[in-house]
Colleague: 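Below: one structure in structure tokens.
Just so we're clear, the structure is a prediction, and the values are computed from it rather than from any experiment.
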Amino acid sequence: MKVEKFKVLLYLKKSGLDKSGKAPIMGRITVNQSMAQFSSKLSCTPSLWNPCESRLDGKSREAVEVNQKIEKLLLAVHSAFDSLVVCNKPFDAETVKNLYQGSVKTQVTLLALLDRHMEELRSRVGIDVAPTTLQTYKYTHRSLGKANNRLLQQVSIVNPKSGRLRKA
């Protein structure tokens, strides 16, 4: 996908001051013509905010700490964008936001990870991996699968009166 425009803008939501007088820092991701907004879960004193640089002015403790968190946030958004560009599939600003926030399904189960590792090992058997090593991984995979099934069958239920666990 050809990306003509990618931009991350941070701004203060001055209408939403909290009890201590701090304003939440919001973000806007723009990819080509699409836009997505998100909360950075950061807040700052409005008088310290520099809208031109999307940072806090000064060297106060608050300014230094929030600016460091902003840098980490921007780095995470840019790395999410870069990983989507590498996939070479079409995406929009909402996709970048979801990947940054972890909404995209990226979790891998232990068994799936073990499967992937075993596939890599199969291609290297006889080169730098002994055949017995692969057999050991197969045994581990089978044992882990059995243990997982046993755990799933033992559903625990909390007794509402006593608050104690009981097996179903």
Side-chain angles (χ1 to χ4, degrees), residues 1-11 13 24-44 54-55 64-168:
M1 173 183 168
K2 184 177 179 188
V3 177
E4 297 170 2
K5 179 181 177 185
F6 172 69
K7 187 175 181 182
V8 181
L9 171 74
L10 297 175
Y11 62 94
K13 185 178 180 183
I25 301 173
M26 304 297 288
R28 181 179 300 135
I29 300 171
T30 307
V31 176
N32 294 339
Q33 299 296 318
S34 66
M35 181 185 73
Q37 294 182 332
F38 64 95
S39 169
S40 68
K41 300 190 178 39
L42 300 172
S43 59
C44 70
S54 295
R55 303 276 189 289
V64 171
E65 288 176 359
V66 172
N67 284 340
Q68 285 176 346
K69 290 177 183 176
I70 287 173
E71 284 300 320
K72 286 182 182 177
L73 178 143
L74 291 174
L75 184 64
V77 171
H78 279 85
S79 75
F81 171 76
D82 290 341
S83 67
L84 288 170
V85 169
V86 168
C87 291
N88 207 14
K89 294 180 181 175
F91 62 91
D92 59 356
E94 193 71 27
T95 310
V96 176
K97 179 187 96 166
N98 289 339
L99 185 60
Y100 155 69
Q101 291 181 331
S103 302
V104 176
K105 179 106 174 157
T106 56
Q107 295 179 351
V108 178
T109 65
L110 184 57
L111 285 173
L113 188 62
L114 195 55
D115 281 335
R116 191 180 319 155
H117 184 63
M118 287 170 47
E119 277 300 315
E120 292 173 13
L121 287 178
R122 276 190 193 95
S123 65
R124 295 180 9 217
V125 169
I127 301 169
D128 61 345
V129 174
T132 54
T133 303
L134 187 58
Q135 293 301 320
T136 305
Y137 274 99
K138 286 180 181 178
Y139 175 77
T140 303
H141 187 279
R142 192 169 48 249
S143 300
L144 188 60
K146 287 178 183 177
N148 191 28
N149 288 337
R150 279 195 308 269
L151 286 174
L152 289 175
Q153 290 173 354
Q154 294 177 353
V155 178
S156 298
I157 299 174
V158 177
N159 186 336
K161 292 180 181 175
S162 68
R164 295 184 182 168
L165 291 175
R166 62 186 167 110
K167 289 188 181 179

Colleague: Distance from Leu73 atom CG to Gln68 atom CD, nearest 0.5 Å?
Modeller: 13.5 Å
Colleague: Can you find a pair of side-chain heavy atoms, one from Met26 and one from Leu10, that are under 4.5 Å apart?
Modeller: no
Colleague: Quick one: sort the Phe6 and Phe81 rings into parallel, tilted or perpendicular, breaks at 30° and 60°.
Modeller: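 Answer is parallel, since the angle falls under 30°.
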Colleague: Check step by step if side-chain contact (heavy atoms from CB on, under 4.5 Å) holds for Glu71 and Arg55.
Modeller: CA-CA 9 Å; Glu71 284 300 320; Arg55 303 276 189 289; 2.4 Å; yes
Colleague: Can you check whether Leu99 reaches Ser83 side chain to side chain, under 4.5 Å on heavy atoms?
Modeller: yes
Colleague: Mind running salt bridge (Lys or Arg N to Asp or Glu O under 4.0 Å) on Arg122 and Glu119 for me, showing each step along the way?
Modeller: CA-CA 5 Å; Arg122 276 190 193 95; Glu119 277 300 315; 2.7 Å; yes
Colleague: Going by heavy atoms in the side chains, are Leu84 and Thr95 under 4.5 Å from each other?
Modeller: yes
Colleague: Find the distance between CG (Leu134) and NE2 (His141) and round it off to the nearest 0.5 Å.
Modeller: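 So the gap between those two atoms works out to 11.5 Å.
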Colleague: Do Leu9 and Thr30 have side-chain heavy atoms sitting under 4.5 Å apart?
Modeller: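 Contact flag for Leu9/Thr30 side chains = no.
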Colleague: Looking at every non-hydrogen atom in both residues, tell me the closest pair between Glu4 and Asn32 and how far apart they are.
Modeller: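 Scanning both residues completely, I find the closest heavy atoms to be N-OD1, 2.7 Å.
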Colleague: Which pair of heavy atoms, one from Gln101 and one from Ser39, lies closest together, and at what distance?
Modeller: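 Closest heavy-atom pair between Gln101 and Ser39: NE2-O, 4.5 Å.
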Colleague: Report yes or no: is the cationic atom of Arg28 (NZ for Lys, CZ for Arg) closer than 6.0 Å to the six-membered ring centre of Phe38, at no more than 45° off its axis?
Modeller: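 Cation-pi check for Arg28 and Phe38: fails.
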Colleague: What are the two closest heavy atoms between Ser34 and Ala93, and how far apart are they?
Modeller: OG-N, 2.9 Å
Colleague: Hey, could you give me the CG/CE distance between Leu111 and Met118, rounded to the nearest 0.5 Å?
Modeller: 10.0 Å
Colleague: Would you check, one step at a time, whether the test side-chain contact (heavy atoms from CB on, under 4.5 Å) holds for Val31 with Asp92?
Modeller: CA-CA 6 Å; Val31 176; Asp92 59 356; 5.6 Å; no
Colleague: Mind running side-chain contact (heavy atoms from CB on, under 4.5 Å) on Tyr100 and His78 for me, showing each step along the way?
Modeller: CA-CA 9 Å; Tyr100 155 69; His78 279 85; over 6 Å; no
Colleague: Surrounding CD of Glu120 (heavy atoms of other residues, nucleotides or ligands, distance under 6.0 Å), is the total greater than 12?
Modeller: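 Enclosed: over 12 neighbouring heavy atoms sit under 6.0 Å from CD of Glu120.
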Colleague: Given side chains that start at C-beta, do those of Val96 and Ile29 come closer than 4.5 Å, heavy atoms only?
Modeller: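 SC-SC contact between Val96 and Ile29 confirmed.
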Colleague: Tell me if a side-chain donor or acceptor on Thr133 pairs with a main-chain N or O of Val129 at a distance below 3.5 Å.
Modeller: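 Checking the backbone N and O of Val129 against the side chain of Thr133, no donor-acceptor pair under 3.5 Å is found.
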Colleague: Does some side-chain heavy atom of Val77 sit less than 4.5 Å from a side-chain heavy atom of Leu74?
Modeller: no
Colleague: For the residue pair Tyr137 and Leu121, establish whether any side-chain heavy-atom pair is separated by less than 4.5 Å.
Modeller: yes
Colleague: Side chains of Ile25 and Cys44: does their closest heavy-atom pair fall under 4.5 Å?
Modeller: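 When only atoms from C-beta onward are counted, Cys44 and Ile25 do touch, with a gap below 4.5 Å.
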Colleague: Would you say the side-chain atoms of Asp82 and Ser79 include a donor-acceptor pair closer than 3.5 Å?
Modeller: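 Asp82 vs Ser79: no donor-acceptor pair found between side chains.
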